[in-house]
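Okay, so here's the structure we're looking at.
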Amino acid sequence: MGYFYKHTNLPQLDNLCQFDVLVVGAGAAGLYTALCLPDSLRVGLITKDTLALSASDWAQGGIAAAIAPDDSPVLHIEDTVRAGAGLCDLTAVTFLAKLAPSCIQSLVKMGVAFDRRGSELALTLEAAHSHSRVLHAADTTGREVITTLTAQVLERKNIQVITQAFALSLWLAPETGHCRGISLLYHGQVIWIRASAVVLATGGGGQVFAQTTNPALSTGDGVAIAWRAGALLRDLEFVQFHPTALTKTGADRFLISEAVRGEGAHLVDFQGRRFTFDYHPAGELAPRDVVSRAIFSHLQRSVSADPTTARQSAPHVWLDLRPIQPTKIRHRFPNIIRVCQHWGVDVFSEPIPVAPAAHYWMGGIVTDLMNRTSIPGLYAVGETASTGVHGANRLASNSLLECVVFGAQLANIKLEVDSGEWGSGGGGGAVGAGEAERDWLSQQEKLEALRQELPSLIWQYAGICREQEGLGVALTQVKMWQQEFAALPLSQFLLNLPPLQPASFNLPDTDRQLRLWGEIRNLLDVAYLILKSAAFRTESRGGHYRLDYPQPDPNWQAHTLVHGDNFFKQTPSDFYPVV
Ligand SMILES: Cc1cc2nc3c(=O)[nH]c(=O)nc-3n(C[C@H](O)[C@H](O)[C@H](O)COP(=O)(O)OP(=O)(O)OC[C@H]3O[C@@H](n4cnc5c(N)ncnc54)[C@H](O)[C@@H]3O)c2cc1C
């Protein structure tokens, strides 16, 4: 699975080193953005992990584009808007669907080897699409895209890749409020990097839930960082729960792609019955939130009817691939076959145990069609952004597409000239963390306990089904944890570090520990924001389901806007633009 790059040496970064544009995140959004930025600009591309790891790399099913003769962007728009449950921004969706075919062409030109049927690009059907429009590369589409984009990035002389570097916070010029750079945890130090523009492409936040298909790096960092800097956020309560994640004790919640159901797999209960038709006429191909809730409700009913179900360590239903021709399974789903086999499931002779898991975050940092946020000089692309294309629920395979369509717009970036002073900090050397490292073992224990307990709390109270009382309980707990976290000596040191002041640490396994600290800080903020937003919206819609308000409410056909600790309702008349 690992990749070998010719650029393996870690670059030396000085405090206050400078780029024209700093892209934080190296998934599909960050890589594509970096490639589309004019090559006259000096671009820094940062990832807290390696280039080989991102949610984009894990994408299986594919990328949507209306390229079939019987399809059209208009139909793609209709399907996207229908899935978005009244909250899509039509301008943004139209932009996405219309630019999709040319972006696919550009990916093909770069060398992405999508599957073909004869000489034509092969297309499959996925849930809630009216036409076959999902391009794929077996069941590892994301890897194919990421490998190709990475190779291109590494060829580009104007892009400096910086791996294992954790973006901590934004640096805004005090006089203008313009984003001028970031602080970064890198090689056991805090350093400050300046840039004329910063692009957040940090992906989603699935790790705030105990059950998620997302990789460990999906901790909502961009949303938390932008929120703390005062950026406008939107619709954070809308989380898509994917219905079919592998549910085996000890295994990660590996995603079993929607495409499997598109090709004809059945969801069955312990009696072998296709129960999803009890909940929606489209059965297995109903929208994801409907199928996830169908499984959730069905499992709850099964538990009441048969207490042995409750004793399963991980309650689940079954996904049966046997209605699909074995040759097709082999051709389309080699990775799913391999992973299931690893966990002792032979998909040709037995069904796969599956249950829902948090998968995609529709909400994010408010952006316009040019990816501008409400902070001048700050841009956001990909899952961390809220462009308006997903509304309350994302249509399958529209997110990789969003990364490339919106990433491409950065080709037209206009770097704003900010006449403010760069500031005088950072001239001296790094300050040692000293006291902050005191009693490290007990600090570490606290951090690790928070990392374990927080996602379980959020899964329980802000998962597939929510209600006011539970959201309140969870919010009280999260606020208490935020206080305990802020009281840690390490937090006291880092949270009070003056802007532009570098710092150095001497902890055991420093980079891992500092990253853990940074991720927990972000996860706590993300948890707070999701809980508050979910409590604010007193209706059910798309990826947000309230047991105490189970119906959509026309008065709530509105966005939830978040600015600092203020939560507002934004009605359709002023849906767009907001920046
Ligand atoms: C298992 C799975 C399957 C999926 N299948 C599909 C599919 O078939 N089709 C589809 O359209 N979508 C799919 N999705 C959704 C889609 O993959 C994601 O929405 C999309 O890839 C997000 O891309 P991104 O570039 O925004 O973020 P990511 O790909 O997650 O990349 C985020 C990047 O930001 C970096 N980063 C994060 N925080 C920091 C920080 N503080 N400092 C420095 N770097 C940071 C990370 O290291 C990483 O490089 C799937 C998702 C999952 C999890």
Side-chain angles (χ1 to χ4, degrees), residues 21-25 166-184 190 192-203 205 208 219-237 361 363-368 370-388 415-416 418-423 425 478-479 482 485-486 491 494-501 518-519 521-533 536 559-570 574 576-579:
V21 182
L22 201 53
V23 181
V24 184
F166 187 94
L168 261 184
S169 58
L170 298 174
W171 169 32
L172 306 191
E175 331 78 59
T176 59
H178 193 287
C179 182
R180 309 287 301 274
I182 64 168
S183 62
L184 195 64
V190 175
W192 299 78
I193 300 194
R194 62 193 200 188
S196 301
V198 173
V199 182
L200 293 173
T202 49
V208 79
T219 48
D221 297 358
V223 166
I225 288 170
W227 175 66
R228 290 194 295 264
L232 200 57
L233 311 180
R234 181 164 59 190
D235 294 342
L236 301 172
E237 63 275 33
W361 200 6
I365 308 162
V366 177
T367 53
D368 65 6
M370 302 300 291
N371 307 294
R372 288 175 297 204
T373 71
S374 59
I375 296 180
L378 180 67
Y379 298 75
V381 189
E383 193 168 337
T384 198
S386 169
T387 58
L415 293 184
E416 292 172 42
D418 184 352
S419 55
E421 286 296 309
W422 281 111
V478 167
K479 284 182 180 165
Q482 280 177 318
F485 175 82
S491 306
L494 279 166
L495 300 178
N496 292 311
L497 200 65
L500 309 182
Q501 173 61 58
E519 289 186 339
R521 179 191 189 197
N522 294 336
L523 285 168
L524 283 165
D525 286 347
V526 162
Y528 166 81
L529 290 166
I530 291 178
L531 290 168
K532 286 280 279 192
S533 304
F536 186 66
H559 291 300
T560 307
L561 284 187
V562 185
H563 187 235
D565 284 325
N566 300 312
F567 290 72
F568 308 95
K569 206 168 168 181
Q570 185 197 27
D574 48 14
Y576 209 83
V578 290
V579 288

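The model shown is predicted, which means the values in this text are computed figures rather than measured ones.
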>> Going by the rule ring-ring contact (aromatic ring centres under 6.0 Å, His included), which residues pair with Tyr528 if we only count those two or more places apart in sequence or in a different chain?
In response: Trp227
> So do the side chains of Pro376 and Thr176 get within less than 4.5 Å of each other, counting heavy atoms only?
Replying inline: no
> What closest approach, in Å, do Asp221 and Phe166 show between heavy atoms, and which atom pair accounts for it?
Replying inline: OD2-CE1, 3.3 Å
>> Checking Val208 against Trp361 for the side chain to side chain contact (heavy atoms under 4.5 Å, CB included) test, could you report, in this order, the C-alpha distance in whole Å, the side-chain angles of both residues, the deciding distance, and whether it holds?
In response: CA-CA 11 Å; Val208 79; Trp361 200 6; over 6 Å; no
> Nearest 0.5 Å, what's the CD1-CZ distance between Ile225 and Arg521?
Replying inline: 8.5 Å
>> Taking ring-ring contact (aromatic ring centres under 6.0 Å, His included) as the definition, give me every residue that meets it alongside Phe536, ordered by chain and number, with sequence neighbours left out.
In response: Trp556
>> I'd like to check the side-chain contact (heavy atoms from CB on, under 4.5 Å) partners of Thr384; sequence neighbours left out, ordered by chain and number.
In response: Leu200, Thr202, Val223, Ile365, Ala380
>> Distance check, rounded to the nearest 0.5 Å: Arg228 atom CZ versus Leu495 atom CG?
In response: 8.5 Å
> In Å and rounded to the nearest 0.5 Å, what is the OG to NE2 distance from Ser196 to His178?
Replying inline: 7.5 Å
> Distance from Leu232 atom CG to Gln570 atom CD, nearest 0.5 Å?
Replying inline: 8.0 Å
>> Side chains of Gln482 and Asp525, heavy atoms from C-beta outward: is any pair under 4.5 Å?
In response: yes
> How would you list, by chain and number, every residue that makes a salt bridge (charged side-chain N to carboxylate O under 4.0 Å, His left out) with Glu519, sequence neighbours excluded?
Replying inline: Lys48, Arg515
> Considering all heavy atoms of both residues, which atom of Ser374 and which atom of Ala231 are nearest to each other, and what is their separation?
Replying inline: OG-CA, 3.5 Å
>> Restricting to non-hydrogen atoms, name the atom on Val198 and the atom on Cys179 that form the minimum distance, rounded to 0.1 Å.
In response: CG2-SG, 3.7 Å
>> So Leu415 and Val21, do their side chains get closer than 4.5 Å, heavy atoms only?
In response: yes
> Counting N and O atoms only, with roles assigned by atom type, does the side chain of Thr219 sit under 3.5 Å from a partner on the main chain of Leu523, one being a donor and the other an acceptor?
Replying inline: no
>> Just to verify, what does Phe485 make a ring-ring contact (aromatic ring centres under 6.0 Å, His included) with, not counting sequence neighbours?
In response: Trp517
> Between Ser183 and Trp171, is any pair of side-chain heavy atoms under 4.5 Å apart?
Replying inline: no
> For the residue pair Ala197 and Tyr379, what are the closest heavy atoms and their distance?
Replying inline: CB-CE1, 3.8 Å
> So which heavy atom on Ser491 is nearest to which on Ala486, and how close?
Replying inline: CB-O, 3.6 Å
> Can you find a heavy atom in the side chain of Val199 that is under 4.5 Å from one in the side chain of Asn371?
Replying inline: no
> What do the steps show when you test Val381 against Val23 for side chain to side chain contact (heavy atoms under 4.5 Å, CB included), and what is the final call?
Replying inline: CA-CA 10 Å; Val381 189; Val23 181; over 6 Å; no
> Quick one: CG on Leu22 to CG on Leu378, what's the gap to the nearest 0.5 Å?
Replying inline: 11.0 Å
> How far does CG of Leu500 sit from CZ of Arg194, to the nearest 0.5 angstrom?
Replying inline: 9.0 Å
> What's the shortest heavy-atom distance between Leu236 and Gly363, and which atoms?
Replying inline: CD2-C, 4.0 Å
